[in-house]
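Notes to accompany the following structure.
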2 protein chains.
Amino acid sequence: MASVTIMDVARKAGVSKKTVSRVINNEANVRPQTKEKVQTAIEELGFKRNPLGMALAKNRSLFIALLADNPSPGYLMNLQKGILQACTEEHMGLFLYDCQYRSPSLVEEIQTFVENTLADGLILVPPLSDKIELLDMLDSKGVSYVRIGPKDTKRGDFVGSNTAKAAFDMTEYLIKLKHRHIGFILGHPDQASSKRTEKGFRDAHAKAGIPVDESLIAQGYYTHQSGVDAAMTLLNKTPRPTVIFASNDEMAVGALCEAQSRGIKVPEELSIAGIDDISITTKVWPNITTMRQPLNSIGYTAASILIRRLQKKPIGPSEEAFVNQLYDCELVIRQSTKTFVG
Amino acid sequence: MASVTIMDVARKAGVSKKTVSRVINNEANVRPQTKEKVQTAIEELGFKRNPLGMALAKNRSLFIALLADNPSPGYLMNLQKGILQACTEEHMGLFLYDCQYRSPSLVEEIQTFVENTLADGLILVPPLSDKIELLDMLDSKGVSYVRIGPKDTKRGDFVGSNTAKAAFDMTEYLIKLKHRHIGFILGHPDQASSKRTEKGFRDAHAKAGIPVDESLIAQGYYTHQSGVDAAMTLLNKTPRPTVIFASNDEMAVGALCEAQSRGIKVPEELSIAGIDDISITTKVWPNITTMRQPLNSIGYTAASILIRRLQKKPIGPSEEAFVNQLYDCELVIRQSTKTFVG
DNA sequence: AACCTGTTTGACACCGGTGTCAAACAGGTT
DNA sequence: AACCTGTTTGACACCGGTGTCAAACAGGTT
């Protein structure tokens, strides 16, 4: 691993280390012909800057970390892809850290992690992105972060999707399919998105002048099992809902599972819809109708913002202190929903 | 971020930097009372070694990387959890790198990645773990790696599961359920595991004295869609298979999808079985009977071996140059398989 | 007391970069 | 020619650790 150092380049180009450093970092005030000499030397020697040396000198590593404890592997995977893509483009390394949201020492564990790796910045995925104690700690330590998922407070940069609108659009679509008894599975009560999803659901009813059937609202927690449980509750009601709309796909698939295990035919006897468009929606039969959340773009944007923040580059056209970007979701109609025929 | 350096500790303890370094690294030949003085100072100041400084001085980062391009998110997620657990325990950072197996510049891309991050070692997941050109490059660069998935050649450390035995056990179980026309979906032809899975399938037939129905063997590629396609082929045969056994769960779920879309009842009219026990197997209805591959343990073991290798610590009781560890899979009977009643 | 041997310790250089600051340079103006 | 001003460059120290090597020390032996 006899690697080429900045000194080797300096000698070859007949300049000082510092000048090579200037060229590498694209600093101003280097005479064009000097720059060229150095660049030639770099090319010829195949020099690559050692990121550790730089990290130490600049007190800034070139790594960011993805902190996750999300119950849906599909959700996380899609996000991860987008994040990774942005990192690769910007020559940033991506660390992974799995945490237990319920751990009482969560905040300390994350602090230790950051100290151990010296990650420059963090990407927080729900439910972590709504954990106030964590944000407090990061702020006090001066660690940058971008939050993914619903913006709860006004803290820091944030990227997510407009879940209120997504729920609204889906509900409107279901109403258009003549469903009047819509079973709804709520998201996790601790996550801000849940409230917004519920609001979209109610607003669509209000707009259509149709009352919400309150008996058909069941609590969920964004996990598969909670979808199964909620569907169990809903399918025992009379009259039974003609469609179950879950606040995320993971739960929608749970509901499908429960329906099929009871021999209820989907979509003939029961329609099912979700939100997210994770990969499992097209791996079950019937494929699930959902609102496509552009997770890839969300992850990509989140990582890009974080990286720009760290590079102290301007972030978009905005003059605001923080960036709050919301993506719209798109209705994806598949086989799990059907017009209700009374 | 005014962090405590080794110099601060040295001053407080009244010794030299080097002595503090000795204590941190648990080196021999430090007088017990000196050691204690230093340890007290470390505690009082809350000193933590800066990993970047160490990395630079030792020419050894404290990071390993997971290289992946696996079509099954469930498979990868489980593995990732185990790997991450081992990393956390050993205070190692885990980098993530997504690659395109089909990319013609795959090897160069990975080389650049390693140079950029200075990862100490790599964990290779199939199909990457069977890519000879990649292994050659890593060997020539002196980068350590542990391969996950089927051992193909005798190169380097390796952890995996005994897929031949897994396929054998599953086939034996299906035969016991009186199935005589077993549809089989092969794995990816480029991956060594595929051959072994097929061997297990055939050996179980041989042992039971039952001929393999060669017309019921279909090519798959470990992806969901290839499972759908293979099932399509198999279900068009006459006589139709009474069970479809796929070389992985991802394809088994694809087969289930195809069966259900044709209105074929599972398991009443068709049994379905897979290998891996990824999370989706319990998220579809009926839950899929499978061979549980201990992915978590495999990931954990792979990372542990790699880390020990890097620390130049002894690896297990073996005297061999390389470790080859195979885990057995366990039959998990769920609702997708049923006794054949002719 | 002089000598020997193994243990403990610290001075110093180094890993591969960057920041600061002053000197050298270039080109125009008086 | 002397002076001025902004640009270009390099010497040096530093980021936070570790490796090498020799000096200092401790304790036993002649």
Side-chain angles (χ1 to χ4, degrees), chain A residues 1-39 41-42 45-63 91 93 115-118 120 310-312, chain B residues 1-39 41-42 45-63 91 93 115-118 120 310-312:
Chain A
M1 285 285 247
S3 55
V4 183
T5 75
I6 211 171
M7 265 313 288
D8 300 324
V9 176
R11 261 190 292 270
K12 177 130 193 168
V15 298
S16 72
K17 283 192 342 176
K18 181 62 209 185
T19 298
V20 176
S21 169
R22 285 196 179 94
V23 174
I24 297 170
N25 290 289
N26 235 315
E27 283 175 32
N29 299 338
V30 179
R31 208 177 303 165
Q33 78 197 67
T34 310
K35 189 167 179 174
E36 199 165 338
K37 263 196 311 190
V38 172
Q39 273 164 342
I42 288 178
L45 295 172
F47 168 77
K48 298 220 168 166
R49 165 169 67 189
N50 181 321
L52 294 177
M54 192 224 73
L56 189 57
K58 286 200 168 172
N59 192 25
R60 191 159 122 41
S61 70
L62 280 176
F63 320 131
H91 303 288
E115 284 165 354
N116 275 343
T117 59
L118 297 184
D120 278 341
L310 295 170
Q311 293 171 340
K312 305 214 155 64
Chain B
M1 284 289 246
S3 56
V4 183
T5 76
I6 212 171
M7 266 311 290
D8 300 323
V9 177
R11 261 189 291 270
K12 175 131 191 167
V15 298
S16 73
K17 282 191 346 174
K18 181 64 208 184
T19 298
V20 176
S21 170
R22 286 196 178 94
V23 173
I24 297 171
N25 289 291
N26 236 317
E27 284 175 30
N29 298 338
V30 178
R31 207 176 303 165
Q33 78 197 68
T34 309
K35 188 167 181 175
E36 199 166 337
K37 261 195 311 188
V38 172
Q39 272 164 342
I42 288 177
L45 295 172
F47 168 77
K48 299 218 167 167
R49 165 169 68 188
N50 182 321
L52 294 176
M54 193 223 74
L56 189 57
K58 287 200 164 171
N59 193 24
R60 210 165 101 37
S61 71
L62 280 175
F63 319 131
H91 303 288
E115 284 165 352
N116 274 342
T117 58
L118 297 182
D120 278 340
L310 295 171
Q311 293 170 339
K312 307 213 154 64

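Per chain, numbering begins at 1; letters A, B, ... match sequence-line order. Keep in mind that what you see is a predicted model, and the values were worked out from it rather than measured.
In this structure, A:Asn29 does not reach the D:dT7 phosphate: none of its side-chain N or O atoms is under 4.0 Å from OP1 or OP2. Residue A:Asn25 has a polar side-chain atom (N or O) positioned under 4.0 Å from OP1 or OP2 of C:dT18. Dashed line: the shortest gap from a side-chain N or O of B:Arg49 to OP1 or OP2 of D:dT18 is under 4.0 Å. Applying the 4.0 Å criterion to OP1 and OP2 of D:dT9, one finds that A:Thr34 has a side-chain N or O inside that range. Between A:Thr19 and the phosphate of D:dG10, there is a side-chain N or O to OP1/OP2 separation shorter than 4.0 Å. Between A:Ser21 and C:dG17 there is no side-chain polar atom (N or O) within less than 4.0 angstrom of OP1 or OP2.
With the nearest nucleotide of DNA chain C identified for both B:Ser16 and B:Gly53, B:Ser16 has the one nearer the 5' end. Residue B:Pro32 is the one, among B:Pro32 and A:Pro51, whose nearest nucleotide of DNA chain C lies closer to the 5' end (criterion: closest heavy atom).
In this structure, B:Glu36 places its CD atom where only 12 or fewer heavy-atom neighbours from other residues, nucleotides or ligands lie under 6.0 Å away.
Between A:Phe47 atom CZ and C:dG16 atom C1' there is a gap of 8 Å when expressed in whole angstrom units. Straight-line distance from the CE atom of B:Met54 to the C1' atom of C:dG17: 17 Å, rounded to whole Å. Across the protein-nucleic acid pair, A:Ile42 atom CD1 and C:dG17 atom P stand 10 Å apart, rounded to whole Å. Rounded to whole Å, atom C1' of C:dC14 lies 15 Å from atom CG of A:Leu52. To the nearest angstrom, P of D:dT9 lies 15 Å from CD1 of A:Ile6. Summarising the geometry, the separation between CG on B:Leu45 and P on D:dG16 is reported as 14 Å, rounded to the nearest angstrom. The nearest whole Å value for the distance from the CG atom in A:Asn26 to the C1' atom in C:dG17 is 17 Å. In this structure, A:Asn50 atom CG and D:dC15 atom P are separated by 18 Å, rounded to whole Å.
Between the side chain of B:Lys17 and the base of D:dG16, no donor-acceptor pair under 3.5 Å is found.
No contact: B:Lys35 has no heavy atom under 4.0 Å from any strand. If you check every strand for non-hydrogen atoms under 4.0 Å, B:Lys58 touches sugar and phosphate atoms only.
A side chain to side chain contact (heavy atoms under 4.5 Å, CB included) with B:Ile24 is found for one member of B:Val38, B:Thr19, B:Ile6 and no other, namely B:Ile6. Among A:Val9, A:Thr34, A:Asn25, the one residue that satisfies the side chain to side chain contact (heavy atoms under 4.5 Å, CB included) test with A:Val20 is A:Val9.
No side-chain heavy atom of A:Gln33 sits less than 4.5 Å from a side-chain heavy atom of A:Lys37.
Candidate nucleotides C:dG19, C:dG17, C:dG10 were compared by shortest atom distance to the side chain of B:Val15, and C:dG10 ranks first. Side-chain proximity of A:Arg22 to the nucleotides D:dG16, C:dT20, C:dT9 is greatest for C:dT20. Each of C:dT8, D:dC21, C:dG17 was ranked by its minimum atom distance to the side chain of B:Arg31; first place goes to C:dT8. Among the nucleotides D:dG17, C:dT18, D:dT9, the one closest to any side-chain atom of A:Ala57 is C:dT18. For A:Lys18, whose side chain is taken as the heavy atoms from C-beta onward, the closest listed nucleotide among C:dC21, D:dG16, C:dG19 is C:dG19.
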Test log, rule side-chain contact (heavy atoms from CB on, under 4.5 Å), inputs A:Leu62 and A:His91: CA-CA 8 Å; A:Leu62 280 176; A:His91 303 288; over 6 Å; no

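A:Asn50 contributes a side-chain N or O that, together with a main-chain N or O of A:Leu52, makes up a donor-acceptor pair within less than 3.5 Å.
Applying the Watson-Crick and G-U wobble criteria (two distances, each under 3.5 Å), C:dC12 pairs with D:dG19. Pairing of D:dA26, defined by two Watson-Crick or G-U wobble distances under 3.5 Å, is identified with C:dT5.
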